[in-house]
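Each residue takes its place number in the sequence, starting with 1.
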Amino acid sequence: MSGDRDNLLKTGTSSHPILFIHLAQWDTPGPQNSKWILPEPGKEQKKIMFRWKIPSGRILYAVYMACAKRDLFTMQLKTKEFQSLFTDGLKAVAELFEKQNFELRIAGGAVRDLLNAQQPQDVDFATTATPDQMKEMFQAAGIRMINNKGEKHGTITARLHEQNFEITTLRIDVITDGRHAEVEFTTDWQKDAERRDLTINSMFLGLDGILYDYFNGYEDLKNKKVRFVGDASLRIQEDYLRILRYFRFYGRVAEEQNDHEPETLDAIKENAKGLAGISGERIWVELKKILTGNHAAALINLLYELDVAQYIGLPVDGSLDELNRVWKNVQSLSPEPMTLLSALLRTQDDVCKLDLRLKISKGEKSLCLFIVKYRQDLCKADDSGDPLKAYTDFVTDSRELDAQKKVGELLKYQGEEQLVKKMEAWSIPRFPVSGHDLRKLGVASGKEIGTILQQLRDLWKKSGYRMDKEELLNSIARVNNS
């Protein structure tokens, strides 16, 4: 009986999925007219409790997951970007997997980039081989493996021909807690696609150029749509960081700044609180990419509308008007993420609170503090013949090594496009007089040397940094008499 029980299978009609039964309980006989309960056509997944009268007269009670079979879309890709991936290293890896009868395909973001005729920066691979099978293959072939940290998640990294190949076994998420997942391995490509976040990231590309698309990712990519795979709430609850990943990819893919599906926004708002349990470092990685993508200001405004902002370290009373104004200034200037984000922050105390949540780097914090402090006070003088003078004077007087870079970001913040270019071309002049020069002229007191040097520096700045050493030293008497 157990053998028959374990193999029980029923196939639905043409409009219904195949139903795989996992036994839950054998019980006493029940009604004679028990029947199958089928999920509605088109539903992605549903847990079903059913009863079925079997020949022995016992009643089978089972809970199973019905997984709707998707219409698989395929096409062949023959672009120069795709062909350029076939280095000696990839050819060797492909030959090894083919010889051992394991499938190997390009996965995720690289597929999306290739379909957009872009050269992917990183290429990840998926395979039907388990980690142990991959290790056995690579060891037998004398191929070195590096970075074994990903092995528990199914990822093996092989290195050959001076190139790394990160290859991950197809997986199913068994347990998720909103941050991490426990996985089990599978050979079912659709099931691996089901666990991915967005349709445009759920496609696979065979090394023969065949695209495998289970969730209309290619159509969404063509139409510049960003959608979750299946139920948005379920995908988000598997990993709450997917809320920010949605906005990050929206800024990369969508043409319109507010072309979101209402049900997606509802799911984000309902699950926003889950981001409170995500580490600041992970949040900051995604937030930086949102800030440097398209529609950044509109997306940050939306984070506030959907009550997401408070859970990711942004100030509750963020200055959205200032953000929108600065966004118009910087769109064509490629600002640092922190340059734009600083517009939200009203005080330096806001910067410190942001740092506590997001664990930003020292350089990022320093830039943000600088912009918040000087955005109103350090400005071009309208009545000056040199509008850059206030900025160059600041850099020249500053003892910070990155002062020029910070001032450049401040100019972007202020929308001074022409001054940005001038600041980038400007080099900090070297003050030509030293304390040694003054000692040679008979000035012995250290205090007096310091005073004279500052007076000469002021004179040098007023000259537009044009006075040379001789002119400055000849002016000492005039400086002392002034």
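Gln83 CD: more than 12 foreign heavy atoms inside a 6.0 Å radius. Within 6.0 Å of CG in Asp122 there are 12 or fewer heavy atoms belonging to other residues, nucleotides or ligands. No more than 12 heavy-atom neighbours from other residues, nucleotides or ligands sit within 6.0 angstrom of CD on Glu256. For Leu401, the CG atom sits in a loose shell: 12 or fewer heavy atoms of surrounding residues, nucleotides or ligands are nearer than 6.0 Å. Counted within 6.0 Å of CD on Glu162, heavy atoms from surrounding residues, nucleotides or ligands total 12 or fewer; the atom is thus considered open.
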For the pair Glu409 and Thr339, evaluate side-chain hydrogen bond (donor to acceptor under 3.5 Å, both in side chains) and give the outcome as yes or no after the intermediate values.
CA-CA 6 Å; Glu409 290 299 310; Thr339 299; 2.5 Å; yes
Step by step, would you call Tyr413 with Glu322 a side-chain contact (heavy atoms from CB on, under 4.5 Å)?
CA-CA 10 Å; Tyr413 184 102; Glu322 177 72 356; 2.7 Å; yes
Run the numbers on Thr199 and Asn216 for side-chain contact (heavy atoms from CB on, under 4.5 Å), then give the verdict.
CA-CA 7 Å; Thr199 61; Asn216 300 319; 5.8 Å; no
Please step through side-chain contact (heavy atoms from CB on, under 4.5 Å) for the pair Ile172 and Val183, ending with a clear verdict.
CA-CA 5 Å; Ile172 301 170; Val183 302; over 6 Å; no
side-chain hydrogen bond (donor to acceptor under 3.5 Å, both in side chains) between Asp386 and Tyr391, intermediate numbers included
CA-CA 10 Å; Asp386 181 9; Tyr391 302 99; over 6 Å; no
Any chance you could lay out the salt bridge (Lys or Arg N to Asp or Glu O under 4.0 Å) test for Arg171 and Glu184, step after step, and finish with the verdict?
CA-CA 6 Å; Arg171 298 173 291 177; Glu184 69 178 29; over 6 Å; no
Between Val308 and Ile268, does the side-chain contact (heavy atoms from CB on, under 4.5 Å) criterion hold? Intermediate values first, please.
CA-CA 8 Å; Val308 172; Ile268 288 172; 3.9 Å; yes
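Taking the side chain as every heavy atom from C-beta outward, Gln404 and Ile428 approach each other to under 4.5 Å.
Taking a cutoff of 4.0 Å between a charged side-chain nitrogen and a carboxylate oxygen, Asp239 and Arg195 do not qualify as a salt bridge. The residues Asp259 and Lys225 are annotated as salt-bridged, a charged nitrogen and a carboxylate oxygen being separated by less than 4.0 angstrom. Under 4.0 Å is where a charged nitrogen must lie from a carboxylate oxygen, and between Arg457 and Asp393 no such pair does. Using a 4.0 Å cut-off between charged side-chain N and carboxylate O, Asp231 and Arg235 make no salt bridge. Between Lys412 and Glu336 there is no salt bridge, since no side-chain nitrogen of the basic residue lies less than 4.0 Å from a carboxylate oxygen of the acidic one. Electrostatic pairing of Glu270 and Lys273 does not count as a salt bridge here, judged by no charged N lying under 4.0 Å from a carboxylate O. Salt-bridge check for Lys461 with Asp397: passed, with a basic side-chain N closer than 4.0 Å to an acidic carboxylate O.
Taking the six-membered ring where the residue is Trp, the centroids of Phe394 and Tyr374 are separated by under 6.0 Å.
The one candidate from Lys288, Lys406, Lys359 that meets the salt bridge (Lys or Arg N to Asp or Glu O under 4.0 Å) condition with Glu364 is Lys288. A side chain to side chain contact (heavy atoms under 4.5 Å, CB included) with Leu221 holds for exactly one of Val111, Ile200, Val226; it is Ile200.
In this structure, the ring-ring contact (aromatic ring centres under 6.0 Å, His included) partners of Phe228, at least two apart in sequence or on a different chain, are Tyr246. Checked against salt bridge (Lys or Arg N to Asp or Glu O under 4.0 Å), Glu95 has no partners two or more places apart in sequence or in another chain.
Shortest non-hydrogen contact noted between Asp317 and Arg346 is O-NE, 2.8 Å.
Geometrically, Arg105 engages Tyr212 in a cation-pi contact defined by less than 6.0 Å to the ring centre and at most 45° from the axis.
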